[in-house]
Amino acid sequence: MKKYITTPIYYINGAPHVGHAFTTILGDVLKKFEQMRGNDVFYTTGTDEHGQKNQSSCQECGMAVQDFIDMRSGNFQKLFDAMKIDYDFFVHTSSQQHKNVVKDALDYIYKKGLIKKKSYEGLYCEGCEQFKKPSDLDEHGNCPDHQKAPKLITEENYFFPLEQDRQWLIDYINTHPDWIKPKRFAKEVLGMLAEPLDDLCISRPKSRVWLGVDLPFDDDFVTYIWFDALINYISSIGWKSQGDNAAFNETWAHCTHLLAKDILKTHAVYWPIMLKALGIEPPEHLIVHGYWLGEGGIKMSKSLGNVVDPYEVMDLMGIDPLRFYLCNAMSLSGDAQISIDLLKQGYKQLANNIGNLQMRVLKMIAKNLDGKVPSAAHLEAEDKALLENVANTFERIYKYGEPSLELVNELSAEILKAGDAVNAYFATQAPWVLAKDESKRERYEAVIYTTLDALRLIAVAVYPFMPSIAKKILVSLGQNDEIKAEFKPVVLKEGTQTIVGDPLFPFIA
RNA sequence: CGCGGGAUAGAGCAGCCCGGUAGCUCGUCAGGCUCAUAACCUGAAGGUCGUUGGUUCAAAUCCUUCUCCCGCAACCA
C-alpha cells in the first residue's frame, strides 16, 4: 500500500528547535515503521517561506529575498540532514512548482464562484503590521507594544467562506472517530465548530505584504500565507485541477498529517474545507502532538537557559537516543518535558538495558564459545516462552498498530520492557555459573542462544527509533543489516560468528 | 462563567472513560551477583493523587468551587 506522511512546513522566521526536530523525527519513525510492514511511503517536510514576518526579517537584515530564504530554509534542511531524516521531498513554498499549484487551486475555486471580494475595516497598528482587536489594546486604546493608537483602515480583500461546510465537517468528525488522533483534539475541533465560522480572508494587499504568491485573478494581492502553505500537501505530490490525477489520488488516499497542537485549527477546519472546494477528500489522519517544555513544565526560553538545542544533544549522545527519548516521552494527554538531564536519564536507561545486555552476552561467548552462536537444540520451555513473549509482542504491534503517538509510546516502552525481561532472565539463569560445569554445557548453550535471539528481536523492533543502533546490534550478531519485520523466534543459525564491538552507548558524563 | 488539555513520592510519567488495598522509570537506601558499560538481579523507604464542597458503604477516578501551567480564541505563523 502507498502511504503519504507529511510534517507541517516550518515557518523560517525563527531557528529550528526541538519541537521541529520532534515532528520531523516522528515522521521518519513512522515512515520506517510503515516500510517494515511492507508499505511504500512518501514522506515530505519543508519550509514556509512567505508572509509578513519573513518579509520584515528579510528587510531588517538587508539581504536579497532569495538569499534570505535559502539561508533560513537551509537552517532547517541542515538540521534534518544532520538528524539523518529520510524525507523524500523537501518543500519550498517559494519554488515555482508550489506556486503554480497554489495559483491553479485558487483559480479553480475562484471560477467555481467560491471566492468573494468585500471590504474589511479594522484597527491596524503600523508598528506590529497587524490588525488589532479592541481587547488587544491597553486602557488608552493604544497598542501595548508600541504605545501608539492603531489606525482605522478599510481594505478590500478576497474571502473564502467556510460556514457552508461547518455542518459537513462536524458530521465528518463524528463519523470518522480516528480522523484526528489523539481524540481530545477532535473534541477541541468540535468546540471550534460550535459557533458559525467567519469567512477566511485569503488575500493580502501588496502594499502590506509582497512576499507571497500572487493571486491569479488580481495582481494587487498576494495569497494569505496559510492558504498558500496548506497547499504544499497537494503540490508536493503533483495535484492539478485539470487532467490526470491518478498518481496524486493513489498517494493522497492514505495521507497522514503530523502537526503540533497550535496549528490544529488550520489543519482540521480550514484545510478540509479548502480540499472540499477542490474536490479532494480530507487527509486520512491527523496526528496532533503537544509541546516540549523544559523540566518542571516551564516553557523553554533563552533567558532561563533551559532551551534544548538538538545539535548540542546530538554532540553529546548521537541522534538515535534523542529519537528514542522523544518518541518514548511525548505524552498523549498533554505536553511533555525535556532537558539535558532527562535526556541523560533516558540515555543511561538505554545503555544499561540494551547496551549492557548486548555487551555482557557477547563478551561472554567471545571468551568461551569462540564468539559463535551456539546450538538451539536444547531450548527448554522457559527459554522458548521468553522468546515467544518478546516476538509476539512485537509481532502484534507491527501487525496491528496504526501510526500514532500511542504506537510510538507503546512500542518504545515494550522495547525497554523486553530488555528488562532478558536482563532478568540472564541474571536468573546465571550462565557464568553454568559455563564452569561441563555437565551443564547444553543448558549453558540454550541460555546463551535464547539471549542472543532475544537481542536480535529487540534490534529489529527498535529500528524505526534507532536505525543505526539496530544495525550495529544485528551486525554484532553476525547478521546482515537488512531489516525485516519478521518476529519469529529461533532464527539465529548455530556457528554464526558474532563480533564484540565498541559499546552501543558509551559512557557520558 | 469563551473552548480544549494538564496538576499523582525528590524528578519524569501511567492509572481516571467503566469508583473498590495508588503503579512504572530514574534517583535514594539495603542485600545479592560477578558475565557485563559507574553494570545486572532482589528488596525497602518515600505520596493526605493541586484546592473547596458534594454524591456514595467506598472517590486519584463521578459532580462542584477556586488556584496555577500549556494551547486556541489573530487579517502573526
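Since we're looking at a predicted model, the values are computed, not measured. Below, all heavy atoms of this structure are taken into account, side chains as well, without hydrogens, waters or symmetry copies. By convention in this document, chain letters (A, B, ...) are assigned in the order of the sequence lines, proteins followed by strands, and residues within each chain are numbered from 1.
- With hydrogens and angles ignored, a donor-acceptor pair under 3.5 angstrom links the side chain of A:Lys53 to the base of B:C76.
- The aromatic rings of A:Trp292 and A:Tyr325 lie tilted to each other, with the angle between the two planes from 30° to 60°.
- For B:G12, the base has no donor-acceptor partner in the side chain of A:Glu295 [N/O atoms by modelled type, under 3.5 angstrom].
- With distances taken from any side-chain atom of A:Ile225 to the nucleotides B:C13, B:A77, B:U37, the minimum falls on B:A77.
- Within 4.0 Å (heavy atoms only), A:Leu504 reaches at least one base atom of the nucleic acid.
- Between A:Lys187 and B:G5, a side-chain N or O to OP1/OP2 separation shorter than 4.0 Å is present.
- Under the stacking definition used here (centres under 5.5 Å, planes under 30°), the residue A:Trp226 fails to qualify as stacked on the base of B:A77.
- Minimum atom distance to the side chain of A:Glu188 is reached by B:C72, of the listed B:U37, B:C35, B:C72.
- Nearest-nucleotide positions on RNA chain B place A:Val433 closer to the 5' end than the other of A:Gly51 and A:Val433.
- Using cut-offs of 30° and 60° for the angle between ring planes, the A:Phe90 and A:His92 rings count as tilted.
- Across every strand in view, B:A77 sits unpaired, with no contact that passes the Watson-Crick or G-U test at under 3.5 angstrom.
- Dashed line: the shortest gap from a side-chain N or O of A:Ser333 to OP1 or OP2 of B:A14 is under 4.0 Å.
- Of the residues near RNA chain B, A:Arg208 and A:Asn353, the one whose nearest nucleotide (by heavy atom distance) lies more toward the 5' end is A:Asn353.
- In this structure, A:Glu295 CD and A:Asn306 CG are separated by 9.5 Å, a value rounded to the nearest 0.5 Å.
- Within 4.0 Å of A:Ser331, counting heavy atoms only, lie sugar-phosphate atoms of the nucleic acid but no base atom.
- A:Gln349 has no side-chain polar atom (N or O) that falls below the 4.0 Å cut-off from OP1 or OP2 of B:C26.
- A 3.5 Å limit on both hydrogen-bonding distances identifies B:A30 as the Watson-Crick or G-U partner of B:U42.
- Of the candidate nucleotides B:G71, B:C70, B:C35, B:C70 has the atom lying nearest to any side-chain atom of A:Asp335.
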